[in-house]
Asks: 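Here it is, the structure, as structure tokens.
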Amino acid sequence: MSTNTVGPATAGPVGGAAEDPSPGPATASAPGYRAGRTLPLRVEAMRQWRRRRTMVMALILGALPLVLIAAFAIGGTPSAEGGRVTLMDTATASGANFAATCLFVSAGFLLVVPVALFCGDTVASEANWSSLRYLLAAPVPRARLLWSKLAVALAFSLGAMVLLPAVALVTGSLAYGWGPLELPTGGSLPAGDAVPRLALVVGFIFTSQLVTAALAFWLSTKTDAPLGAVGGAVGLTIVGNVLDAVTALGSWRDFLPAHWQFAWADALQPQLEWGGMLKGAAVSVTYAVVLIALAFRGFSRKDIVS
């Protein structure tokens, strides 16, 4: 039952004799076997939830708002410099402002780390533990294995992005009060409208990070070193940010996902603007689809030896 799953279409699990690329007769005739029932999402989710790195990342994201509150308590209320008001300057105006500020200071890098960690540690960690071939020998179809791991990794990434503003909104409301969202450009949004706007911001940040997620996932199928996949995704994301800072590239920067990473600021305006967020989402999704397709294509032909 395992030979057609562990090895590629033309080789066994360790590069042995050629095999029939069609589903093996043992797999097809196994009583009660259903490919769609292998590696259920709840099982994979519980495996990932019990990982130490998941707990550590949750603690870091949950502690960030408390660290910022302590910093404001020690350093005093932020104030505008040079007459220009920024989102940071309004951080202590209300709980909604504090949550928006936490997203602002973390969207550029901190939220990249859990996405790269959850998506880059998926397949590579199994290979590093030498358990990948045993999962496939269960037999779990390769596509099913990848879809299960990718879905859970994306769910955990979204959970990380929701956790930060949720904790910030609660702690910020306790520290600074529940009130309208004061806008840096002037005016304010009622508290009832601010929460849906913050939810939209989180949704866009998650969409913009799909590039990092797909890149980490693709690298995870290429290496047995989880840190290599995670570090490679984070490193290339930083390279994208550096390239976006090169103004000499002109309009070519529009094709960089990093160019649109703060387009969510348009959601924190009196009149909601969709243009930048739609363009950024289109660029991110396009890159993500290509990278995920490459991951599935490469993994389906790969010899699994670990």
Asks: Please step through side chain to side chain contact (heavy atoms under 4.5 Å, CB included) for the pair Tyr176 and Asn97, ending with a clear verdict.
Replies: CA-CA 9 Å; Tyr176 310 119; Asn97 278 91; over 6 Å; no
Asks: How about Phe98 and Val170: do any of their side-chain heavy atoms sit closer than 4.5 Å?
Replies: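 Heavy-atom side-chain distance check fails, nothing below 4.5 Å.
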Asks: Any heavy-atom pair between the side chains of Leu61 and Leu110 that's under 4.5 Å?
Replies: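 Yes; the side chains approach each other to less than 4.5 Å.
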Asks: Would you confirm whether Ser284, through its side chain, and Ala281, through its main-chain N or O, come within 3.5 Å as a donor-acceptor pair?
Replies: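 The answer is no, because no donor-acceptor pair under 3.5 Å joins these two groups.
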Asks: Are the side chains of Val112 and Gln209 in contact, using a 4.5 Å heavy-atom criterion?
Replies: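 Yes, at least one pair of side-chain atoms sits under 4.5 Å.
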Asks: Checking Tyr287 side chain against Phe255 main chain: does a donor-acceptor pair fall under 3.5 Å?
Replies: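 Checked: pair present.
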Asks: Ignoring hydrogens and geometry, is there a side-chain-to-backbone donor-acceptor pair from Arg197 to Leu268 under 3.5 Å?
Replies: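 Checking the backbone N and O of Leu268 against the side chain of Arg197, no donor-acceptor pair under 3.5 Å is found.
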Asks: For residues Met161 and Val202, report the shortest heavy-atom separation together with the two atoms involved.
Replies: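 Nearest pair, atom of Met161 first, then Val202: O-CG1, 3.9 Å.
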Asks: Look only at the side chain of Thr223 and the backbone of Leu219, and say whether a donor-acceptor pair between them is shorter than 3.5 Å.
Replies: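 No; zero donor-acceptor contacts below 3.5 Å.
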Asks: Is the backbone of Ala229 close enough, under 3.5 Å, to the side chain of Ser220 for a donor and an acceptor to pair up by distance?
Replies: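 Such a contact is absent between Ser220 side chain and Ala229 backbone.
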Asks: Are Leu272 and Leu189 in one and the same hydrophobic cluster, where Ile, Leu, Val, Met, Phe, Trp and Tyr link if side-chain heavy atoms are under 4.5 Å apart?
Replies: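 They do share one cluster, since a chain of ILVMFWY contacts under 4.5 Å joins Leu272 to Leu189.
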Asks: Check Asn241 against Gly108 and note the closest heavy-atom contact, atom names and distance.
Replies: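 Smallest heavy-atom distance, with atoms named: ND2-O, 4.0 Å.
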Asks: How far does OG1 of Thr237 sit from CZ of Phe109, to the nearest 0.5 angstrom?
Replies: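 The distance works out to 9.5 Å.
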Asks: Is the closest side-chain donor-acceptor distance between Asp244 and Gln261 under 3.5 Å?
Replies: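 Result is no, nothing qualifies.
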Asks: So which atom in Leu154 and which in Cys119 form the shortest heavy-atom distance, rounded to 0.1 Å?
Replies: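 So the two residues come closest at CD2-SG, 4.2 Å.
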Asks: Atom CG in Leu68, atom SG in Cys102: separation rounded to 0.5 Å?
Replies: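 Separation between the atoms: 5.0 Å.
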Asks: Kindly indicate, with the supporting measurements, whether the criterion side chain to side chain contact (heavy atoms under 4.5 Å, CB included) is fulfilled by Gln48 and Thr122.
Replies: CA-CA 9 Å; Gln48 298 303 323; Thr122 50; 5.8 Å; no
Asks: To the nearest 0.5 Å, what is the distance between OG1 (Thr54) and CG (Leu117)?
Replies: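 Answer rounded to 0.5 Å: 7.0 Å.
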Asks: For the residue pair Met277 and Thr207, establish whether any side-chain heavy-atom pair is separated by less than 4.5 Å.
Replies: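 The answer is no; the side chains never approach within 4.5 Å.
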Asks: Taking atom CG of Leu66 as the centre, report whether more than 12 heavy atoms of other residues, nucleotides or ligands fall under 6.0 Å from it.
Replies: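 More than 12 within 6.0 Å, yes.
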Asks: If you count every heavy atom of other residues, nucleotides or ligands that lies below 6.0 Å from Phe296 atom CZ, does the total exceed 12?
Replies: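 Yes - once you tally the heavy atoms of other residues, nucleotides and ligands closer than 6.0 Å, there are more than 12.
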Asks: So how far is it from Leu198 CG to Asp193 CG, rounded to the nearest 0.5 Å?
Replies: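 Leu198 atom CG to Asp193 atom CG measures 11.0 Å (nearest 0.5 Å).
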Asks: Testing Thr92, Leu174, Thr171 for side chain to side chain contact (heavy atoms under 4.5 Å, CB included) with Ile69, which one passes?
Replies: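 It is Thr171, the one option of Thr92, Leu174, Thr171 that forms the side chain to side chain contact (heavy atoms under 4.5 Å, CB included) with Ile69.
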Asks: Quick check on the hydrophobic clustering: are Ile292 and Leu158 connected, directly or via other members, by side-chain heavy-atom contacts under 4.5 Å?
Replies: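 Yes, Ile292 and Leu158 fall within the same hydrophobic cluster.
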Asks: Can you name the nearest heavy-atom pair linking Arg51 to Arg47, along with the distance?
Replies: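 Taking every non-hydrogen atom into account, CG-O, 3.3 Å.
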Asks: Parallel, tilted or perpendicular for Phe156 and Trp49, by the 30°/60° rule?
Replies: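 It falls in the tilted class, 30° to 60°.
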Asks: Using the rule that two of Ile, Leu, Val, Met, Phe, Trp, Tyr join whenever any of their side-chain heavy atoms come within less than 4.5 Å, decide whether Leu200 and Trp264 are in one cluster.
Replies: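 Both belong to a single hydrophobic cluster.
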Asks: When you measure from the side chain of Ser148 to the backbone N and O of Leu145, does any donor-acceptor pair fall under 3.5 Å?
Replies: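 Pair absent, no side-chain N/O of Ser148 close to backbone of Leu145.
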Asks: Side-chain contact test, heavy atoms from C-beta onward, threshold under 4.5 Å: evaluate it for Phe217 versus Leu291 and give yes or no.
Replies: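 When only atoms from C-beta onward are counted, Leu291 and Phe217 do not touch, as no gap falls below 4.5 Å.
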Asks: How close do Ser157 and Val115 get, heavy atom to heavy atom, and via which atoms?
Replies: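 That would be OG-CA, 3.6 Å.
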Asks: Using the rule that Ile, Leu, Val, Met, Phe, Trp and Tyr join whenever any side-chain heavy atoms are under 4.5 Å apart, tell me whether Val289 and Leu146 fall into a single cluster.
Replies: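 Yes, Val289 connects to Leu146 through the hydrophobic network.
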Asks: Decide yes or no for Ile60 and Val113: does some side-chain heavy atom of the first lie under 4.5 Å from some side-chain heavy atom of the second?
Replies: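 No, their side chains stay 4.5 Å or more apart.
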Asks: In the single-linkage hydrophobic clustering (I, L, V, M, F, W, Y; side-chain heavy atoms under 4.5 Å), do Leu294 and Leu150 co-cluster?
Replies: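 No.
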Asks: Please state whether the rings of Phe104 and Phe262 are parallel, tilted or perpendicular, taking 30° and 60° as the class boundaries.
Replies: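 Phe104 vs Phe262 ring planes: tilted.
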Asks: Say you draw a straight line from CZ of Phe72 to CE of Met88; how long is it, rounded to the nearest 0.5 Å?
Replies: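 CE of Met88 is found 5.0 Å from CZ of Phe72.
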Asks: Which heavy atom in Lys279 sits nearest to a heavy atom in Trp260, and how many Å separate them?
Replies: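 Minimum heavy-atom separation between Lys279 and Trp260: CD-CH2, 3.6 Å.
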